[in-house]
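Below is one structure, written out as structure tokens, with a few remarks after it.
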2 protein chains.
Amino acid sequence: MAMGRPRSFDTDKALDEAMEVFWRHGYDGASLAMLTKAMGIKPPSLYAAFGSKEGLLKAALDRYAERRSTHMRYVLAGATAREVAERFLTSIAESHTDPANPPGCLLVQGGLACGEGSENIPFELASRRAQSETELRERFAAAQRDGDLGASADPAALARFLSTVASGMGVLASSGADREALRDVARVSLGAFPGPDAAR
Amino acid sequence: MAMGRPRSFDTDKALDEAMEVFWRHGYDGASLAMLTKAMGIKPPSLYAAFGSKEGLLKAALDRYAERRSTHMRYVLAGATAREVAERFLTSIAESHTDPANPPGCLLVQGGLACGEGSENIPFELASRRAQSETELRERFAAAQRDGDLGASADPAALARFLSTVASGMGVLASSGADREALRDVARVSLGAFPGPDAAR
DNA sequence: ATACTTATCTACCACTCGATACAAAAATGG
DNA sequence: CCATTTTTGTATCGAGTGGTAGATAAGTAT
């Protein structure tokens with residue numbers, strides 16, 4: 001069977017460029033002209049590969065999730081619930097101010113509100129944000145069974161708290177806050193985090 | 001001297017409608033068609049009254065700030081730093097889930113990232129977010145002088161922490177979280193807040 | 001080589017964007 | 001009344017939007 005003309009661009013490389021544009025300008029703010037220029041391809045190639053602007057975003061989000069899953073594995077591997085929280089917030093302070101990327105978090109910058117015709121974008125981003133919150137919640141529930149998180153603690157509330165602080169740090173970083181400011185927030189936030197029952 | 005034809009719409013009422021549109025769709029996502037329809041006026045009237053789309057946003061932000069200054073006065077009037085923090089977070093849990101408004105916070109929803117030609121919008125919103133952080137910081141510094149906030153506490157870091165949690169709660173609310181979820185976040189966050197030195 | 005399949009490029013589609021020119025309308029001052 | 005001033009509605013501007021038609025290029029299979 002004939003294979004056809006091979007693709008002349010690297011899909012992952014192009015996705016990285018698209019990701020950066022969505023990250024910096026949001027879904028609505030990212031025009032096809034900006035995207036195709038950054039990706040180094042023309043509109044028909046984009047549509048053949050990703051179907052639509054929304055499809056391109058989803059592909060970029062998948063790639064973003066891949067990147068973060070490495071971080072998240074490290075975070076969840078913390079020995080105690082407390083250490084997981086610490087790893088979570090400090091790694092976010094680093095990643096959200098990494099000069100290799102636009103400041104903040106793609107899942108926040110991508111678009112909390114959108115215009116007509118892209119109403120489902122905020123939902124898409126929210127569901128992806130919810131994923132790491134779920135991972136944290138399950139990790140904390142396990143920690144509670146293991147005894148390194150007090151029985152009186154609320155795993156769901158703690159996970160939601162950390163996820164909320166993470167979103168807030170995304171907002172903070174996007175407005176130009178430096179790494180030290182985010183570390184401060186992480187440090188103060190950890191003061192809200194309980195240890196095993198004996199410690200509190 | 002001739003006075004000219006009187007304006008046929010109420011400026012403040014129109015601004016409230018515009019505010020809601022910006023709140024729900026963000027700056028880029030809010031089209032002139034949506035704005036003029038919501039405001040019940042035609043483009044020339046909009047431009048005569050507010051100069052530009054950006055001018056309209058700024059006018060809406062001014063009105064938003066007016067609304068919030070009442071809340072902020074109540075917050076800052078708390079007897080102790082701890083009480084100020086408590087009032088700040090709980091009032092935000094309420095306001096960000098007030099069914100009378102779009103969910104979340106206009107200063108966050110309005111746009112963290114924008115397209116070409118509106119690059120200064122995120123700055124405008126960030127500077128308005130920074131305002132309440134400054135108010136909190138100054139209040140906490142005063143609390144430290146008064147002795148109801150420990151000498152070892154860092155007023156700037158605490159204010160930044162609260163402001164960050166507030167932004168995070170805005171993100172959380174915009175994705176449909178209910179009031180109880182926001183209250184949980186507020187409650188957990190307050191665990192990070194120190195009292196007078198004796199208490200910790 | 002020829003057939004077939006797929007990707008790419010040029011050019012363009014219908015539509016929406018923010019913003020405005022212009023004339024009619026509605027007020028006041030004389 | 002008329003002159004003046006300002007607002008309003010209609011109708012539209014040029015630019016840019018997301019997306020595509022159609023021809024051409026570049027590969028594989030036979």
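Chain identifiers are assigned alphabetically (A, B, ...) following the order of the sequence lines, protein sequences preceding nucleic acid strands; residue numbering begins at 1 within each chain.
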[N] phosphate, OP1 or OP2, under 4.0 Å from [X] side-chain N/O:
X     : N      : value
A:S45 : C:dT8  : yes
A:S8  : C:dT8  : yes
A:Y47 : D:dG19 : yes
B:K53 : C:dG18 : yes

Counting side-chain heavy atoms from C-beta on, which of [options] comes nearest to [X]?
X     : options               : result
B:F9  : C:dC17, D:dT8, D:dT17 : D:dT8
B:M3  : C:dC9, C:dA7, C:dT28  : C:dT28
A:S31 : D:dG18, D:dG9, C:dT8  : D:dG18

### Summary
Sorted by position of nearest nucleotide on DNA chain C, 5' first, the leading residue of A:A48 and A:P43 is A:A48

### Message
Would the base of D:dT6 count as contacting B:R5 through its side chain, where contact means a donor and an acceptor less than 3.5 Å apart?
### Response
no

### Query
What does B:F50 touch in the nucleic acid at a heavy-atom separation under 4.0 angstrom: a base, only the sugar-phosphate, or nothing?
nothing

### Task
For A:P6, report the nucleic acid contact type (base, sugar-phosphate, nothing); a contact means any heavy atom under 4.0 Å.
sugar-phosphate

### Query
Of A:P44 and A:L32, whose closest DNA chain D nucleotide lies nearer the 5' terminus?
A:L32

[X] and [Y] ion-paired at < 4.0 Å:
X      : Y      : answer
A:R139 : A:E135 : no
B:E17  : B:K13  : no
B:D178 : B:R183 : no

In this structure, how many angstroms lie between the [atom2] atom of [N] and the [atom1] atom of [X], rounded?
X     : N      : atom1 : atom2 : result
B:K42 : D:dT6  : NZ    : C1'   : 19 Å
A:D28 : D:dG18 : CG    : P     : 9 Å
B:R7  : D:dT7  : CZ    : C1'   : 8 Å
B:M34 : C:dG18 : CE    : C1'   : 14 Å
B:K37 : C:dT16 : NZ    : P     : 13 Å
A:E54 : D:dT17 : CD    : P     : 19 Å
A:L46 : D:dG19 : CG    : P     : 9 Å

### Message
Looking at A:A159, is its backbone amide N or carbonyl O close enough to the side chain of A:R137 to form a donor-acceptor pair, meaning the two atoms are under 3.5 Å apart?
### Response
no

### Message
Using modelled atom types and a 3.5 Å cut-off, is there a donor and acceptor pairing between side-chain atoms of B:D10 and backbone atoms of B:D12?
### Response
yes

